[in-house]
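Read through the structure below, which is laid out as structure tokens, and then see the notes.
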Number of protein chains: 2
Amino acid sequence: MDAAARLASRGRPCSRPNPAVGCIIVKGGRVVGRGWTATTGRPHAEAIALEQAGDEARGATAYVTLEPCAHQSERGPACSTLLVEAGVAKVVIGAQDPDPRTAGSGVERLREAGIEVAHLPTPAVDQSLAGYLTRAALGRPHVTLKLALSLDGCIAMADGESQWITDEEARAHVHSRRAMSDAILVGGATWRYDKPRLDVRLEGLEDRSPARVLLTRGIAPDGVKVINAPQQIAQLDGVQYLYVEGGAGAAASFLAADLVDRLEIYRAPIVIGKGMPALGDIGLASLAEAHGRWALAETRQLGSDTFSAYRRTRQEA
Amino acid sequence: MDAAARLASRGRPCSRPNPAVGCIIVKGGRVVGRGWTATTGRPHAEAIALEQAGDEARGATAYVTLEPCAHQSERGPACSTLLVEAGVAKVVIGAQDPDPRTAGSGVERLREAGIEVAHLPTPAVDQSLAGYLTRAALGRPHVTLKLALSLDGCIAMADGESQWITDEEARAHVHSRRAMSDAILVGGATWRYDKPRLDVRLEGLEDRSPARVLLTRGIAPDGVKVINAPQQIAQLDGVQYLYVEGGAGAAASFLAADLVDRLEIYRAPIVIGKGMPALGDIGLASLAEAHGRWALAETRQLGSDTFSAYRRTRQEA
């Protein structure tokens with residue numbers, strides 16, 4: 001299932017408006033088909049994997065990260081129908097589809113046709129569907145806040161010098177994260193002073209530069225969307241994954257509004273001392289309130305910098 | 001050799017005034033003797049390991065983290081002589097002894113007796129001898145600066161609330177680090193406001209509480225040594241390992257004086273925002289100056305907190 005989730009991530013974010021789904025079909029211990037949601041959302045992962053498997057699909061087991069859809073559309077047949085027609089013996093799904101057109105009826109259709117259905121939720125599946133599930137559960141995009149920090153938590157020298165805290169490898173990683181997002185957001189001050197390009201500067205991925213959003217009370221520059229408060233991210237149509245890049249004020253207002261689902265921290269092995277702090281006030285009343293909100297999800301070295309991702313420990317998302 | 005370095009660390013810091021050394025004697029792929037410097041420095045690691053090995057030492061290989069001593073003293077014979085008398089065939093040493101009474105002559109005596117001598121320096125050896133080697137090279141104790149931080153680099157809420165940033169497991173780890181130190185230092189403000197006990201509260205190790213040192217321009221409380229500036233640590237007799245626990249001012253003055261050899265950071269998965277920063281001014285002129293000074297030496301999870309140690313990348317120590 002984790003392999004299917006990794007396949008799914010290949011579809012992110014180009015599968016929009018559809019969720020990025022992964023599907024692996026296994027027969028006799030051998031993979032006979034693999035698929036992930038194509039650009040613009042069609043074909044679906046299951047359709048691609050089934051086509052690859054051909055006759056081998058008969059009696060096979062399909063691993064799908066999301067419940068197969070139950071609704072036929074102009075853009076293609078329902079995946080649950082395709083799985084039934086292909087004669088698979090068993091379907092293992094990673095998450096139930098919250099889309100009311102499917103929610104449970106995809107599984108129902110499979111079971112009615114005599115197919116065994118099992119659930120196998122995993123953290124990798126949850127992460128690969130985070131944008132889609134957050135939209136469905138909370139009516140807004142999944143928000144990742146990125147911070148590039150010194151060991152003592154500064155984002156710049158006291159005079160604002162911030163190029164560079166982290167090394168090339170970490171900066172390339174940031175660009176790959178941008179390419180996985182539907183939109184990037186920065187605060188008004190960062191926009192004015194740093195004049196960030198906010199594009200993807202990785203060879204072959206230049207056209208993956210996401211939409212740019214500004215959190216400001218001012219007016220919008222050309223080609224940039226503006227919101228006045230973090231809560232307005234709910235109105236960002238077609239955005240499943242929002243990547244917040246700072247600065248300290250914007251980051252703090254998202255945290256204060258409890259609108260950050262994932263923290264991605266790049267930490268350079270440098271000490272600044274009395275520099276520019278990473279965050280403004282987030283409205284914390286006591287230290288106890290700060291605990292129990294974040295769980296380490298991933299950590300790894302990127303050259304001499306350390307990358308650590310923390311997941312907001314909410315029930316819903 | 002790394003196993004010998006781990007043995008050596010058992011002698012820290014009780015071996016003072018001697019370095020904590022480890023010795024392993026191997027014959028035919030089997031360990032026949034193990035030793036580490038005893039409390040007060042005698043017997044030496046080699047003497048203990050040789051006694052354990054007995055006749056098996058003949059023709060064996062001895063791994064010693066530090067060059068065996070060449071000087072006989074009232075407290076015992078020279079280890080190089082012991083190794084010759086025991087008839088070992090080969091001695092592998094981790095570091096040369098900077099003590100002028102030995103420096104090279106330990107190795108010389110072994111070679112003269114027909115014993116093969118090899119050098120095998122490793123990071124574990126360097127770390128296990130850090131206090132001794134720093135004293136010899138720089139004329140001062142080895143300094144570890146401890147910081148307990150939130151993800152955004154705060155050591156407390158803005159109002160000073162700091163109990164607790166980290167969890168029990170991390171705090172117990174701090175106590176074990178105290179037990180490995182000869183002295184603990186805090187700044188005057190921390191002493192006055194936090195009234196820290198600075199003792200070892202681990203069962204069975206209560207008597208390992210190190211000497212307490214205060215960095216202040218004020219007068220010394222009972223039983224506490226005072227220094228007025230970080231540079232005065234050179235005068236702390238018998239201290240090989242100094243553990244600096246804060247606060248922000250004391251930490252910054254040690255960093256500004258470039259008198260920190262190791263940074264030990266406990267990072268809790270909490271976000272504070274506009275809290276008390278970890279450090280005051282460390283006198284950095286530009287961001288470029290901050291780079292290339294620290295290298296990650298160790299990282300691990302302690303419950304939900306992350307422990308990371310960084311080594312100051314100096315030539316000498």
Side-chain angles (χ1 to χ4, degrees), chain A residues 145 147 149-159 161-167 248 251-253 255-256 260 263 265 267-297 299 301 304-306 308 310-313, chain B residues 145 147 149-159 161-167 248 251-253 255-256 260 263 265 267-297 299 301 304-306 308 310-313:
Chain A
L145 170 61
L147 299 168
L149 304 177
S150 65
L151 294 177
D152 52 329
C154 298
I155 53 170
M157 300 277 288
D159 64 6
E161 185 190 357
S162 68
Q163 292 189 351
W164 296 103
I165 300 280
T166 52
D167 221 335
S253 33
L255 285 164
V260 178
L263 268 175
I265 302 181
R267 204 170 297 274
I270 65 171
V271 176
I272 290 182
K274 219 177 173 78
M276 203 171 276
L279 298 173
D281 191 6
I282 64 166
L284 214 60
S286 74
L287 206 45
E289 222 176 70
H291 283 278
R293 299 166 76 89
W294 300 98
L296 185 64
T299 184
Q301 282 304 113
S304 60
D305 301 321
T306 307
S308 307
Y310 294 83
R311 185 174 50 76
R312 175 77 174 89
T313 51
Chain B
L145 170 61
L147 299 167
L149 305 176
S150 65
L151 294 178
D152 52 331
C154 299
I155 54 170
M157 299 278 288
D159 64 7
E161 184 190 357
S162 68
Q163 291 190 355
W164 295 105
I165 300 280
T166 52
D167 222 335
S253 30
L255 286 165
V260 178
L263 268 175
I265 301 180
R267 205 171 296 275
I270 64 171
V271 177
I272 289 183
K274 220 179 174 77
M276 201 170 277
L279 297 173
D281 191 5
I282 63 166
L284 214 60
S286 74
L287 205 45
E289 223 176 70
H291 284 277
R293 299 167 75 88
W294 300 100
L296 184 65
T299 184
Q301 282 303 113
S304 60
D305 301 321
T306 307
S308 307
Y310 294 83
R311 184 176 50 77
R312 176 76 174 87
T313 52

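Each chain gets a letter, A, B and so on, in the order the sequences are listed, and its residues count up from 1.
- Residue A:Leu149 touches chain B through its side chain alone, counting heavy-atom pairs closer than 4.5 Å.
- Listed by chain and residue number, B:Asp152 satisfy the side-chain hydrogen bond (donor to acceptor under 3.5 Å, both in side chains) test with B:Ser150 (two or more places apart in sequence, or in another chain).
- Counting heavy-atom pairs closer than 4.5 Å to chain B, the top-ranked of the candidates A:Ala252, A:Ala295, A:Ser304, A:Ser286 is A:Ser286.
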B:Trp294 vs A:Ile270, side-chain contact (heavy atoms from CB on, under 4.5 Å): CA-CA, chis, key distance, verdict: CA-CA 6 Å; B:Trp294 300 100; A:Ile270 65 171; 5.7 Å; no

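- Using a 4.5 Å cut-off between heavy atoms, A:Gln301 contacts chain B through its side chain alone, with no backbone atom that close.
- Both the backbone and the side chain of B:Ile272 come within contact range of chain A, judged by heavy atoms closer than 4.5 Å.
- For the pair B:Leu287 and A:Trp164, the tightest heavy-atom approach, listed with the atom from each and the gap, is CD2-O, 3.6 Å.
- Most heavy-atom pairs under 4.5 Å with chain A: of the set B:Ala248, B:Ala278, B:Gly153, B:Pro269, this distinction falls to B:Pro269.
- Interface remark: A:Ser162 contributes backbone atoms only to the contact with chain B (heavy atom separation under 4.5 Å).
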Test log, rule side-chain contact (heavy atoms from CB on, under 4.5 Å), inputs A:Met157 and B:Leu284: CA-CA 9 Å; A:Met157 300 277 288; B:Leu284 214 60; 3.9 Å; yes

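- Only the side chain of A:Leu255 comes within contact range of chain B, judged by heavy atoms closer than 4.5 Å.
- Proximity of a side-chain donor or acceptor of B:Arg267 to a complementary backbone N or O of A:Leu151 within less than 3.5 Å is detected.
- The greatest number of non-hydrogen atom pairs below 4.5 Å with chain A, out of B:Leu279, B:Leu263, B:Asp159, is found for B:Leu279.
- In terms of non-hydrogen atom pairs under 4.5 Å with chain A, the most contact-rich of B:Glu289, B:His291, B:Gln163 is B:His291.
- Ranking B:Thr299, B:Ile165, B:Leu147 against chain A, the residue ahead of the rest is B:Ile165, based on heavy-atom pairs under 4.5 Å.
- Most heavy-atom pairs under 4.5 Å with chain B, from the set A:Val271, A:Leu296, A:Asp281, A:Thr306: that is A:Val271.
- Proximity to chain B is limited to the side chain of A:Ile265, based on heavy atoms less than 4.5 angstrom apart.
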